[in-house]
Amino acid sequence: MAPMGWSIDLDDEAAVSLVHEEGFLLYARREQQRDDYTEWTVEITDTDSGEEIERETYEISNRQHLQSVLDKYTDVYPP
């Protein structure tokens with residue numbers, strides 16, 4: 001279930017998009033697979049201006065870990 005105000009789109013097993021009604025896009029895409037984790041790049045963009053606000057790469061160990069990283073963004077945006 002998407003956090004309040006966010007709608008989720010599971011692009012496939014390699015990407016997740018969350019769009020907020022107030023003009024934010026949270027996009028996470030799978031990068032390289034390692035032994036114990038997968039690298040995921042997470043971006044937040046202001047869709048009204050097109051400005052990329054943040055971009056960070058995380059070492060994600062499982063789906064629950066990915067969800068907790070995404071939750072950090074959805075708890076902060078919109079400001």
Side-chain angles (χ1 to χ4, degrees):
M1 180 176 210
M4 192 164 186
W6 290 90
S7 58
I8 190 166
D9 179 19
L10 299 173
D11 297 338
D12 54 37
E13 289 295 317
V16 177
S17 299
L18 289 102
V19 179
H20 195 277
E21 58 198 23
E22 292 186 26
F24 293 94
L25 170 65
L26 175 57
Y27 182 73
R29 73 178 172 280
R30 182 188 310 247
E31 301 290 342
Q32 294 185 339
Q33 177 72 41
R34 305 291 184 186
D35 291 334
D36 295 336
Y37 63 89
T38 303
E39 291 180 351
W40 281 79
T41 298
V42 179
E43 304 167 2
I44 186 107
T45 304
D46 180 326
T47 56
D48 292 335
S49 69
E51 176 188 0
E52 182 178 274
I53 299 169
E54 290 188 47
R55 177 186 294 202
E56 188 72 39
T57 299
Y58 295 90
E59 297 175 350
I60 303 294
S61 57
N62 58 40
R63 194 169 184 88
Q64 183 179 4
H65 184 198
L66 176 61
Q67 182 64 50
S68 70
V69 168
L70 296 177
D71 286 348
K72 291 178 186 177
Y73 288 92
T74 59
D75 289 346
V76 174
Y77 292 96

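Values below: every heavy atom of this structure, side chains too, minus hydrogens, waters and symmetry copies.
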Problem set entry | From CD (Glu56) to NZ (Lys72), nearest 0.5 Å | 10.0 Å
For this session: Please examine the side chains of Glu31 and Arg29, heavy atoms only from C-beta on, and report whether any two atoms are closer than 4.5 Å.
Result: yes
For this session: Report, as yes or no, whether the 6.0 Å neighbourhood of atom CD on Gln33 holds more than 12 heavy atoms from other residues, nucleotides or ligands.
Result: yes
Exercise. Between Arg30 and Thr38, what is the shortest heavy-atom contact and its length?
Worked result: CG-CG2, 3.4 Å
Exercise. Once you round to the nearest 0.5 Å, how far does OG1 of Thr41 lie from CZ of Arg55?
Worked result: 7.0 Å
Problem set entry | From Thr47 atom OG1 to Glu21 atom CD, the distance as rounded to the nearest 0.5 Å | 11.5 Å
Exercise. Taking C-beta and beyond as the side chain, do Thr45 and Ile53 meet within less than 4.5 Å on heavy atoms?
Worked result: no
Exercise. Taking C-beta and beyond as the side chain, do Trp40 and Leu66 meet within less than 4.5 Å on heavy atoms?
Worked result: yes
Exercise. For the atom pair CD (Glu52) and CD1 (Ile44), what is the distance rounded to the nearest 0.5 Å?
Worked result: 10.0 Å
For this session: Can you spot which of Thr57, Ile60, Leu70 makes a side chain to side chain contact (heavy atoms under 4.5 Å, CB included) with Val42?
Result: Leu70
Exercise. If you group Ile, Leu, Val, Met, Phe, Trp and Tyr by side-chain heavy-atom gaps below 4.5 Å, do Val16 and Val76 land in one group?
Worked result: yes
Exercise. Which word best sums up how the rings of Trp6 and Phe24 line up, parallel for under 30°, tilted for 30 to 60°, or perpendicular for over 60°?
Worked result: tilted
For this session: With rounding to the nearest 0.5 Å, note down the distance linking CG in Asn62 to CG in Asp36.
Result: 11.5 Å
For this session: Starting from the C-alpha separation in whole Å, work towards a yes-or-no answer on side-chain contact (heavy atoms from CB on, under 4.5 Å) for Tyr77 and Glu54.
Result: CA-CA 11 Å; Tyr77 292 96; Glu54 290 188 47; 2.7 Å; yes
Exercise. What pair of heavy atoms forms the shortest contact from Tyr27 to Ala15, and how long is it?
Worked result: OH-CB, 3.5 Å
For this session: Evaluate the side-chain proximity of Glu39 to Arg34: yes if any heavy-atom separation is below 4.5 Å, no if none is.
Result: yes
Exercise. Hey, what do you get for NE2 (His20) to CG (Leu25), rounding to the nearest 0.5 Å?
Worked result: 12.5 Å
